[in-house]
Amino acid sequence: MSEPSGEFQLISRLCRGLRNSRRTLLGPGDDCAVLAVGGIKQLITIDSLVEGVHFKLEWFTPEKLGARALAVNLSDIAAMGGEPAACVIDLALRDNLAKRFAERLYVGLKRAARAVKVDIVGGNITSAGQVMITVALLGRARRAILRRDGARGADEIFVTGSLGDAALGWRILDGRLSAPDVARGFLVNRYISPSPRLSAGAALAALTPVPAAIDVSDGLAGDLRHMLRASRVGAEVDARLIPLSPAYRAVAGDDLKLALSGGDDYELLFCMPGRYSERELTRRLGVPVTRIGRIVKPGAGLRIRNLPRPVDLRGLRGWDHLRQSV
Ligand SMILES: [Mg+2]
């Protein structure tokens with residue numbers, strides 16, 4: 001489940017006073033909920049892609065849109081260290097779209113599901129003013145569960161892959177940014193076809209002590225703040241350590257605004273004591289891992305040191321307001 005801060009606070013308000021049964025091991029507030037079902041820890045998450053909010057139709061083939069709808073949910077399972085199992089799909093379609101659109105979207109969904117051994121077990125189709133694809137995904141935790149609220153004082157903060165690429169890709173597609181061809185292809189692909197870090201999440205769940213983790217769907221600053229709030233700690237991030245791809249550097253130079261707040265990266269952000277080096281974590285997770293800072297005492301909030309140039313984080317996506325539009 002992914003939610004910019006404003007939506008996060010709204011969900012918290014709506015869920016106030018919930019009285020769930022003991023079957024619910026972990027309720028609202030993390031990437032997935034956790035249920036005790038027949039001796040296993042069942043994970044459940046839901047997310048939507050909404051036309052005009054998360055994407056424009058002309059940016060995608062229907063097949064790639066279908067695959068992306070599953071990928072954003074897979075990322076939430078990865079962030080819990082779990083293994084995906086089955087999904088149901090709700091598809092809202094505009095009346096003027098051909099049936100062929102839905103058929104091709106399902107081709108992409110089925111291909112993506114097969115690749116990660118997820119069963120598609122049902123769904124619903126409705127008509128609406130804009131296209132919306134909602135996937136509810138079930139999974140299970142084979143090992144420990146990675147939670148947002150597990151960060152502790154003196155933990156180090158790590159992130160997989162590189163940040164800000166997808167946000168640049170979005171702006172290139174939207175015509176707000178131009179880029180050399182090589183960088184363009186890489187950045188656009190990072191937005192269109194994210195790679196949920198399922199095997200990295202499973203490897204994290206095998207570490208001792210168990211890390212705290214969240215997926216970076218709303219931008220590093222926003223998602224780290226979700227984790228700090230849940231764990232009741234502060235953090236210091238060294239901007240010089242934030243992992244940037246060569247394509248990001250080629251297009252944005254030393255402007256870290258999108259690396260901090262861009263969203264749609266679907267990398268994993270995790271906190272744990274400095275027991276493992278970056279190299280060892282990279283080996284175990286099978287994806288580049290970078291240490292970007294450390295957890296500090298409660299009340300310190302999020303401090304970002306050594307920014308090469310000032311970035312105004314207020315009002316950015318994933319920071320403190322509802323996202324209104326593309
Ligand atoms: Mg998430």
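We count ligands from 1, going down the list as the structure has it; atoms in each ligand are counted the same way. For clarity, every value in this text was computed on a predicted model and none was experimentally measured.
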Do you know which N/O/S atom name in Asp31 is closest to the Mg ion (ligand 1)?
OD1

Using only N, O or S atoms, tell me which atom of Asp215 is closest to the Mg ion (ligand 1).
OD1

Taking the six-membered ring for Trp, are Trp59 and Trp170 parallel (under 30°), tilted (30 to 60°) or perpendicular (over 60°)?
perpendicular

Within the stated cut-off of 2.8 Å, is an N/O/S atom of Asp76 closer than that to the Mg ion (ligand 1)?
yes

Which of Arg171, Arg68, Arg190 passes salt bridge (charged side-chain N to carboxylate O under 4.0 Å, His left out) with Asp264? Answer is Arg68

Could you tell me which residues satisfy side chain to side chain contact (heavy atoms under 4.5 Å, CB included) with Arg303, sequence neighbours excluded, listed by chain and number?
Glu236, Arg305

For Arg249, all residues meeting salt bridge (Lys or Arg N to Asp or Glu O under 4.0 Å), sequence neighbours excluded
none

